[in-house]
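These notes concern the structure reproduced below.
Heavy-atom basis, side chains included; hydrogens, waters and symmetry copies ignored.
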Amino acid sequence: MDDGRIVILLSGVIGILLAGSLASFVLSRRAHSEAMQTTVRNLDSRVKAWWVMVTIFAAAFLLGPTVTLILFALTSFYCLREMITLTPTRPADHRAVATAFYVFIPLQYWLIFDEWQTLFAIAIPVYAFLLLPVLTVLAGETDHFLERTAKLQWGLMLTVYCISHAPALLILDIPGHEGENFLWLFFLIAVVQLSDVLQYVFGKLFGRHKVAPRISPAKTWEGLIGGGLSAALVGAGLYWITPFSPLQAGGMALAIVVAGFCGGLVLSAIKRSLGAKDWGTMIEGHGGALDRMDSVTFAAPIFFHLTNYFFVA
């Protein structure tokens, strides 16, 4: 892989984060109203979360694809744990829960490591979907059986199957672009996170009309359109790290934006239905791991399959 491009990208991101940290510091000294202080604290926590993610991303690049897979596997583990924690299980479910954690998470990421793409695509939606309710029913408890089974299946799909499509980009083989896969993973994560930040900024500056006030009061149409289009333009500008033309890169980025927005909205609806504000407390000011990965759950499989369908020979 062309190491120079990832160095340029990481240097640019670090420069932006340094500017963001400086802006946050300056604004914190000038914020007098409670509303302004809340906004500055939110900005500061987002910048800190970005620092953590960039550090992890840089370490994954330096240490290779195996470490990248391990990091995503751990992310899936923590995300599934957060979801299971908010949807308490019964003793009768524990055999199925243990299988989800200790069989299907390692299996899913081993299939990526082994580049067994066919089985990777069906292991969870077919075999886990069928096996987990069988393990549950063997305990002989039928109270709320459908609800209990669906929670575990849905959690495994979102936090393991969907998220694993991000590192699965590393096994795609596009003629003429061999060894560049890590850059496509960077493209996905960068567009997802930039879209999240830009939607927040545009929403704060221009937001008037809420998309779903009962589910996510902070999400506005102005934030979605302004931030989403801005992120798509950034994606188009990053075409040089992808196998896409500028127009194709912009289209892919727009698909990532829309899918990521839908993922965030759906995960927010699940949280609201459970009476929770955040999935966890792992990241200061930003809840749990799943609060940071909610957009990726929908965006990663969409981006993976669009790339696979249109660009893999």
Exercise for review: Verify the cluster assignment for Val160 and Leu107: are they in a single hydrophobic cluster under the rule of side-chain heavy atoms below 4.5 Å apart?
Suggested key: yes
Point to revise | Side chain to side chain, Thr307 and Ile174, heavy atoms closer than 4.5 Å | key: yes
Review point. If we only count heavy atoms from C-beta on, is the Gln248 to Thr242 side-chain gap below 4.5 Å?
Key: no
Check your understanding: Less than 4.5 Å apart, any side-chain heavy atom of Leu18 and any of Ile14?
Key -> yes
Practice item. Any chance you could lay out the side chain to side chain contact (heavy atoms under 4.5 Å, CB included) test for Val234 and Val191, step after step, and finish with the verdict? Key: CA-CA 8 Å; Val234 172; Val191 172; over 6 Å; no
**Study point:** Under 3.5 Å: donor-acceptor pair, side chain of Ser295, backbone of Gly260
**Key:** yes
Would you tabulate the side-chain donor-acceptor contacts of residues 112-127 under 3.5 Å, counting partners in other chains and residues two or more places apart, or write 'none'?
none

Exercise for review: Please say whether more than 12 non-hydrogen atoms of neighbouring residues, nucleotides or ligands are located less than 6.0 Å from NE2 in His305.
Suggested key: yes
Review point. Mind checking whether Phe311 and Phe244 have parallel, tilted or perpendicular rings, split at 30° and 60°?
Key: tilted
Exercise for review: Calculate, to the nearest 0.5 Å, the distance between atoms CG and CG belonging to Leu158 and Leu267 respectively.
Suggested key: 6.0 Å
Point to revise | Stepwise side chain to side chain contact (heavy atoms under 4.5 Å, CB included) check, Thr99 with Leu132 | key: CA-CA 8 Å; Thr99 301; Leu132 295 181; 4.2 Å; yes
Practice item. Answer with yes or no after comparing the ring centroid distance for Phe261 and Phe298 against a 6.0 Å cut-off, counting only values under it. Key: no
Point to revise | Closest approach of Ala166 to Ala300 (non-hydrogen atoms, all atoms of both residues) | key: N-CB, 3.7 Å
Study note, to complete from the structure: Closest non-hydrogen atoms of Ala253 and Ala232, given as atom of the first, atom of the second and distance, are CB-CA, 3.8 Å
Check your understanding: Say you draw a straight line from CZ of Phe202 to CG of Leu205; how long is it, rounded to the nearest 0.5 Å?
Key -> 7.5 Å
Check your understanding: To the nearest 0.5 Å, how far apart are CG in Leu152 and CG in Leu80?
Key -> 7.0 Å
Point to revise | Shared hydrophobic cluster for Tyr309 and Ile256 (ILVMFWY, side-chain gaps under 4.5 Å) | key: yes
Review point. Charged N to carboxylate O below 4.0 Å: is that the case for Asp291 and Lys271?
Key: yes
Practice item. Measure the shortest side-chain to side-chain distance between Ser76 and Tyr161 over non-hydrogen atoms and say whether it is less than 4.5 angstrom. Key: no
Practice item. Please determine if Asp143 and Arg148 form a salt bridge, counting it only when a charged side-chain N lies under 4.0 Å from a carboxylate O. Key: no
Revision key, fill the gap. The reported gap from CG in Asn181 to CD1 in Ile171 (rounded to nearest 0.5 angstrom) is 9.0 Å
Practice item. Indicate if Leu170 and Val312 have the same hydrophobic cluster label, given that clusters are the connected sets of ILVMFWY residues with side-chain heavy-atom separations under 4.5 angstrom. Key: yes
Review point. Val257, Leu229: one ILVMFWY side-chain cluster at the under-4.5 Å cut-off?
Key: no
Review point. Stepwise, does the side chain to side chain contact (heavy atoms under 4.5 Å, CB included) test hold for Ile241 with Glu180?
Key: CA-CA 8 Å; Ile241 66 171; Glu180 299 179 359; over 6 Å; no
Point to revise | Thr136 vs Phe145, side chain to side chain contact (heavy atoms under 4.5 Å, CB included): CA-CA, chis, key distance, verdict | key: CA-CA 8 Å; Thr136 302; Phe145 179 81; 3.6 Å; yes
Check your understanding: Any side-chain heavy atom of Leu290 sitting closer than 4.5 Å to one from Tyr78?
Key -> no
Review point. Cluster question for you: counting only ILVMFWY and a side-chain heavy-atom cut-off of under 4.5 Å, with indirect links fine, are Phe182 and Phe72 together?
Key: yes
Practice item. Grab the two heavy atoms, one from Leu265 and one from Ser216, that are nearest each other, plus how far apart they are. Key: CD1-CB, 4.1 Å
Revision key, fill the gap. Closest non-hydrogen contact found for Ala259 with Ala299 is CB-CA, 3.8 Å
Check your understanding: Within the distance-only criterion (no hydrogens, no angle test), does the side chain of Glu82 pair as donor or acceptor with the backbone N or O of Ala289 below 3.5 angstrom?
Key -> yes
Review point. Nearest heavy-atom pair of Gln108 and Ser164: which atoms, and what distance?
Key: NE2-OG, 3.1 Å
Review point. Quick one: CG on Leu238 to CZ on Arg5, what's the gap to the nearest 0.5 Å?
Key: 11.5 Å
Check your understanding: Hey, does the side chain of Thr68 reach the backbone of Gly64 with a donor-acceptor pair shorter than 3.5 angstrom?
Key -> yes
Point to revise | Proximity of Phe77 and Phe101 rings by center, below 6.0 Å | key: yes
Review point. Given side chains that start at C-beta, do those of Leu169 and Phe187 come closer than 4.5 Å, heavy atoms only?
Key: no
Review point. Taking atom CG of Leu131 and atom CG of Leu135, what is their separation to the nearest 0.5 Å?
Key: 4.0 Å
**Study point:** 4.5 Å side-chain heavy-atom contact, Thr297 and Thr159
**Key:** no
Review point. Donor-acceptor pair, Tyr239 side chain versus Leu247 backbone, under 3.5 Å?
Key: no
Check your understanding: Okay, side chain of Lys210, backbone of Thr220: is any donor-acceptor separation there less than 3.5 Å?
Key -> no
**Study point:** Main-chain N/O of Gly203 paired with Glu222 side-chain donor or acceptor, under 3.5 Å
**Key:** no
Exercise for review: State, to 0.1 Å, how close Pro246 and Ala236 come at their nearest heavy-atom pair, and which atoms those are.
Suggested key: O-CB, 3.5 Å
**Study point:** Non-hydrogen side-chain atoms of Gln193 and Ile189 separated by less than 4.5 Å
**Key:** yes
